[in-house]
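This report refers to the structure that appears directly beneath it.
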Protein chains: 4
Amino acid sequence: MNFASDNTAGIAPAILDAIVKANESFALGYGNDALTARVSRRFADIFEREVAVFLVPTGTASNSLALAHLSPPWGAVLCHEESHIATDECGAPEFFGGGLKLIGLPGQACKITPDTLKQSLDRGHWGGPHHVTASALSLTQSTEAGTVYRPAEIAALAALAHDKGLAVHMDGARLANAMVRLQVSPAEATWKAGVDVLSFGATKGGALAAEAVVFFDPARAAAMAERRKRGGHLMSKHRFLAAQFDAYLADDCWLDLAAHANRMADRLAARLAMAGVDPVWPVEANEVFVVLPREIDVRLKAAGASYYPWQSRALPKGFSVKDSAVLVRLVTSFATSGADVDRFAEIVRGR
Amino acid sequence: MNFASDNTAGIAPAILDAIVKANESFALGYGNDALTARVSRRFADIFEREVAVFLVPTGTASNSLALAHLSPPWGAVLCHEESHIATDECGAPEFFGGGLKLIGLPGQACKITPDTLKQSLDRGHWGGPHHVTASALSLTQSTEAGTVYRPAEIAALAALAHDKGLAVHMDGARLANAMVRLQVSPAEATWKAGVDVLSFGATKGGALAAEAVVFFDPARAAAMAERRKRGGHLMSKHRFLAAQFDAYLADDCWLDLAAHANRMADRLAARLAMAGVDPVWPVEANEVFVVLPREIDVRLKAAGASYYPWQSRALPKGFSVKDSAVLVRLVTSFATSGADVDRFAEIVRGR
Amino acid sequence: MNFASDNTAGIAPAILDAIVKANESFALGYGNDALTARVSRRFADIFEREVAVFLVPTGTASNSLALAHLSPPWGAVLCHEESHIATDECGAPEFFGGGLKLIGLPGQACKITPDTLKQSLDRGHWGGPHHVTASALSLTQSTEAGTVYRPAEIAALAALAHDKGLAVHMDGARLANAMVRLQVSPAEATWKAGVDVLSFGATKGGALAAEAVVFFDPARAAAMAERRKRGGHLMSKHRFLAAQFDAYLADDCWLDLAAHANRMADRLAARLAMAGVDPVWPVEANEVFVVLPREIDVRLKAAGASYYPWQSRALPKGFSVKDSAVLVRLVTSFATSGADVDRFAEIVRGR
Amino acid sequence: MNFASDNTAGIAPAILDAIVKANESFALGYGNDALTARVSRRFADIFEREVAVFLVPTGTASNSLALAHLSPPWGAVLCHEESHIATDECGAPEFFGGGLKLIGLPGQACKITPDTLKQSLDRGHWGGPHHVTASALSLTQSTEAGTVYRPAEIAALAALAHDKGLAVHMDGARLANAMVRLQVSPAEATWKAGVDVLSFGATKGGALAAEAVVFFDPARAAAMAERRKRGGHLMSKHRFLAAQFDAYLADDCWLDLAAHANRMADRLAARLAMAGVDPVWPVEANEVFVVLPREIDVRLKAAGASYYPWQSRALPKGFSVKDSAVLVRLVTSFATSGADVDRFAEIVRGR
């Protein structure tokens, strides 16, 4: 019953097979191989346009390199105050960005609303030599609360951002989970809605370690190769990074893996609701947040369930967690079994 | 006939098996798993002392994080002028080190001599607020010329460095190849000779992507975990990084793989010598540098041989390459076959 | 009627005289002169202990160099959300600090309360490789709201900070104005209350351009000379920087200049109160914040008064500014005349 | 007899007068004052074109901010190996430039020759993701050896640089001294010869502390205001920085001050030659380098002469300094008296 994170799962079989298969004979390093070329074409196909793609081993690298490329050191990146870049990357965006500033915006369910963004952009203390310049908006899809921005929401936010000269970045560490829910094309969910640069995640989805920075305007990617190398993120045996994406992107594998994870989350939420435990936020991706009485928490832990307690300022208005209870995060993945979900719910129900 | 680089080889079977085997059930991310703990113990065993180990996916990351930890931003790292950190990492040490300076020292066969180091340390323009402070010495083992520092040579250099307050770093991307040649213990080749921090490479040796920063004084590693995370080099599914090292370090696998590579280099050098082509530098690891007449170069390329032309200021005194010839680098690996070596030599011999 | 800022004033006569007087014969550069040595002794005398002092030309340099010295790049500096370092230095602390993070805390009258600090320190997301480490607390004295921390308040905040391993920095760009109000010794207002490093300002107080970073524990200042040089803040004709401080610190000049500025602020506040316009925050230093009806604002501007509109989230609870009015900041300095104060107030009164 | 440096001189009378005169009434801070506007126009007049000018307090700031603006973090700045930026700024260009690399080129008399530059640019290891990109050429005028580049020499170097996409920076800390020698217009000595950005020094020439970054293409200066602020180099009482330049640039004051310094250097060289001590390099600005027998060195020091010993790899071919002698640097300034020059020479002659 591992619901600690989607990164506690291993490698999806198709992806592991691709690594094994890529291990034949020799291949030039640093991305000068056939698999890497094929992956670039796959991204272009999926997004229905020319793109510039840079593969890297971690999500922190993907986000930080992208933001550093979009914002000058005296720039500010606006993001949700509980986003991964703001709270869980030990200041990596600031490091890669030469000391740029992250501005955390509040928002229920970890989503930024156009009103909040507008207010921040209008507050009047941007630019000039004294103040940092608002340079980029970063949206997380799906969010840290397991919720999903609709294309129209992204478009509204991106329009506000572009209007003020900001670039739009999307942290898509869990993009696949959002895509499954949205049922629109990848293009519609990203660049057609105004996203300029996407951190496309595969690791949480089932890869060993594979993330991609996707520039929808290839011209914007100038010198990104140097930035990646300089960050230590250009892998020498690059074909194995490419192999992971090659398998992940083939035949809708990425969507199938995410669909399973989402189904498990839905099932978990449904079973818990039947047990009287409703999710705190709408379950739209592969995360379920619930408040558990402490005795149930103890019971679950005793039964070997693994998950993390959570804190958030993005809870629904008026929502509060009593001392006798604990807010927890439950994450499903491609590897989550229905049996584990059901067993978890049963323990909650007290059986 | 791929002699382009040891990173054109794939994954050694034992290491790939370990990745596959690690892909069972769930494991906590970010190094909080059993395999990672086991790898730390393996390093302690191999080096016969407590060490602090940080696994990362690339050699550039390993070197840069280590140097940034050993030198303040106003520090200087002394290294061979043709070392990888100085010429092939796009300024990564400067980036991670907050703008530290690399000072390239000359030296035949890409080795720094105690005399050269002493002269540089004594020149009088170190420290004070106006000049950068000499903070670290970085040695490459084996070197970019495929040569190897003897423990006594390392000890002499390290003594000079320590005497002036510098830390000693070793870039061991090809440490295994040196170890095979030296026939001393890993401890004797490193900390007993004065090395403070080691970048221990596995990728060139046969891993998918696995490097380790090894601090021989664990106290010196304080906050390295934050530095790694902040650089985007803490892998979430860390067990797969650990699995590679677990196999690589088990049962002398790392030495066996390197021994094969070295044997292939020796064989190549011997066969070429028989063909009248002598190595430029002593062949002590898995690299052979030779000067080929241009018509032989053309013939080899036509036959499908892969290797790179080379330039160096570290050639033996008086040595020069005529316009009708080309200096080339030939790298062998765990995956190099004797047949390829022999065929290459035969083509050189004109058969 | 210039109330725009205390930096719109020129140079106080005693300080200008000192510059002129220092311009005799030759002196070694970079602080190796007699005046610089004397200024160091003056600081030690004033603070009743050994200190390490570094003179720099700007307040942004003073704050940023100090914070970079107190916090690692993966550190966080806690400060009031409207403090100068957070809002008016274009990210200089982040730049000098290698990408450190500023965490803005709310607080009425631009003062941080112990409760707010405690809550932030206890929130649980500090340190570990994923989160930045709370490394320093920065207090502004006097604050951006023209209010003043009492020694007991500083002590309470510093105790909380020290208890969690944070260093305590004070941005004393307007320290003199606070000192005049507090009527305690400089030692009591700083290190005896727990301040570790002080940015001691003289520019706003009457210097041409002179600020000092004062380390109360000289050991903590190791390598600060290099950091200053590297930031371009070591002045070659350093004696002229020293001369300014020499005059500023002699014979309570700094306190006398600030006393005048404070008296002018008090008088302005009193005159405005008589005109029915009360200060928003207690007037404790040399700044008066009031809400002016827009027609009075227009009248003042027409009469040549110079001042800035202001925005703040640190207003007293329930306080709001109507659309028909404007919150403005009025700053007095050593150069403010009573006549200008009176005239300003008269215009407000409508005469 | 102070020949230690031109920064041991004080403030030239006209400049000090201007500071005193600027100290009247109030003025807006941060460069929003009338004097600053006038200085900008003066620069435009002097250089016969629109320029963007940024005043800063130190030469290190001027050089570092300029280079950081011309080169990306993965760029390399080519400069003479003994230039101030390479050896005397404690890594400031690397710090401001986000870890850029300085590449030191050799050259007699501290001048880079077109041949040396060409060889470096052609060596083939620039750019790509693995190598840093040659981004800027920095020339020092006059040089660290007191020699001067002729416009044709600058033009030849700049043409090579521009041809490869490098920007051309000039460190003009002693530009005035060169101008006096060259007898061409400032435009001919800079942008007409290919200089893109100039660090125009006034401090060594007679200012208290005043340097300017001059962009000959104002478009290139975009965001330089933010970079300066963020570096702590935007002075609040900016009018006093402007006042210094206003006086320095008025009525050829800068050239007159430099002409005196140069005349003193010429006189010193002539007197020493008469005493049998010839300058090591041509005396073209305000520096004289000579080799003194150690007993004369002792005698001079005993008589109170102040100057520094020197080391250089840029000595004329075959030139060497015996153990019984010492190479010294003698710097003259606007404040050097003919009497001091003569007395110094007499002591050398043994009278």
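Computation of the quantities below employed the complete heavy-atom set of this structure, encompassing side-chain atoms and omitting hydrogens, waters and symmetry-equivalent molecules. Each chain gets a letter, A, B and so on, in the order its sequence line appears, and its residues count up from 1.
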Given a strict heavy-atom distance threshold of 4.5 Å, which part of D:Leu234 is in contact with chain C: side chain, backbone, both, or neither? backbone
Evaluate the side-chain contact (heavy atoms from CB on, under 4.5 Å) criterion for residues C:Ile19 and D:Ile11: first the C-alpha distance (whole Å), next the side-chain angles of each, then the deciding distance (0.1 Å), finally the verdict. CA-CA 9 Å; C:Ile19 291 173; D:Ile11 312 170; 4.1 Å; yes
Is the C:Phe95 ring parallel, tilted or perpendicular to the D:Phe95 ring (thresholds 30°, 60°)? parallel
Checking C:Ala9 against chain D: side chain, backbone, both or neither under 4.5 Å from a heavy atom? both
With ring pair (Phe, Tyr, Trp, His ring centres under 6.0 Å) as the rule and sequence neighbours excluded, what pairs involving residues 4-29 of chain C come up? none
Could you work out all donor-acceptor pairs shorter than 3.5 Å where one atom is in chain C and the other in chain D?
residue: C:Asn7; atom: ND2; partner: D:Tyr30; partner atom: OH; Å: 3.4
residue: C:Thr8; atom: O; partner: D:Ala27; partner atom: N; Å: 3.0
residue: C:Thr8; atom: O; partner: D:Arg239; partner atom: NH2; Å: 3.0
residue: C:Ala9; atom: O; partner: D:Arg239; partner atom: NH2; Å: 3.1
residue: C:Gly10; atom: O; partner: D:Lys237; partner atom: NZ; Å: 2.8
residue: C:Ile11; atom: N; partner: D:Asn23; partner atom: OD1; Å: 2.6
residue: C:Ile11; atom: O; partner: D:Asn23; partner atom: ND2; Å: 2.9
residue: C:Asn23; atom: OD1; partner: D:Ile11; partner atom: N; Å: 2.6
residue: C:Asn23; atom: ND2; partner: D:Ile11; partner atom: O; Å: 2.9
residue: C:Ala27; atom: N; partner: D:Thr8; partner atom: O; Å: 3.0
residue: C:Tyr30; atom: OH; partner: D:Asn7; partner atom: ND2; Å: 3.4
residue: C:Thr58; atom: OG1; partner: D:Gly232; partner atom: O; Å: 2.7
residue: C:Thr60; atom: OG1; partner: D:Lys229; partner atom: NZ; Å: 3.4
residue: C:Cys90; atom: O; partner: D:Arg230; partner atom: NH1; Å: 2.8
residue: C:Gly91; atom: O; partner: D:Arg230; partner atom: NH1; Å: 3.0
residue: C:Thr203; atom: O; partner: D:Lys237; partner atom: NZ; Å: 2.7
residue: C:Ala207; atom: O; partner: D:Lys237; partner atom: NZ; Å: 2.8
residue: C:Lys229; atom: NZ; partner: D:Thr60; partner atom: OG1; Å: 3.4
residue: C:Arg230; atom: NH1; partner: D:Cys90; partner atom: O; Å: 2.8
residue: C:Arg230; atom: NH1; partner: D:Gly91; partner atom: O; Å: 3.1
residue: C:Gly231; atom: O; partner: D:His233; partner atom: NE2; Å: 2.8
residue: C:Gly232; atom: O; partner: D:Thr58; partner atom: OG1; Å: 2.7
residue: C:His233; atom: NE2; partner: D:Gly231; partner atom: O; Å: 2.8
residue: C:His233; atom: NE2; partner: D:His233; partner atom: NE2; Å: 3.3
residue: C:Lys237; atom: NZ; partner: D:Gly10; partner atom: O; Å: 2.8
residue: C:Lys237; atom: NZ; partner: D:Thr203; partner atom: O; Å: 2.7
residue: C:Lys237; atom: NZ; partner: D:Ala207; partner atom: O; Å: 2.8
residue: C:Arg239; atom: NH2; partner: D:Thr8; partner atom: O; Å: 3.0
residue: C:Arg239; atom: NH2; partner: D:Ala9; partner atom: O; Å: 3.1

Tell me, please, which residues at least two apart from D:Phe54 pass ring pair (Phe, Tyr, Trp, His ring centres under 6.0 Å). D:Phe215
Please classify the contact between D:Val20 and chain C as side chain, backbone, both or neither, with a heavy-atom cut-off of under 4.5 Å. both
Is D:Leu16 close to chain C through its backbone or its side chain, or both, or neither, when contacts mean heavy atoms under 4.5 Å? side chain
For each of D:Ala27, D:Ala22, D:Ala209, D:Ala61, tally heavy-atom pairs with chain C at distances under 4.5 Å, and name the one with the top tally. D:Ala27
With C:Phe3, which residues qualify under ring pair (Phe, Tyr, Trp, His ring centres under 6.0 Å), at least two apart? C:Phe344
Of C:Ala4, C:Gly91, C:Gly59, C:Gly98, the largest count of non-hydrogen pairs under 4.5 angstrom with chain D goes to C:Gly91
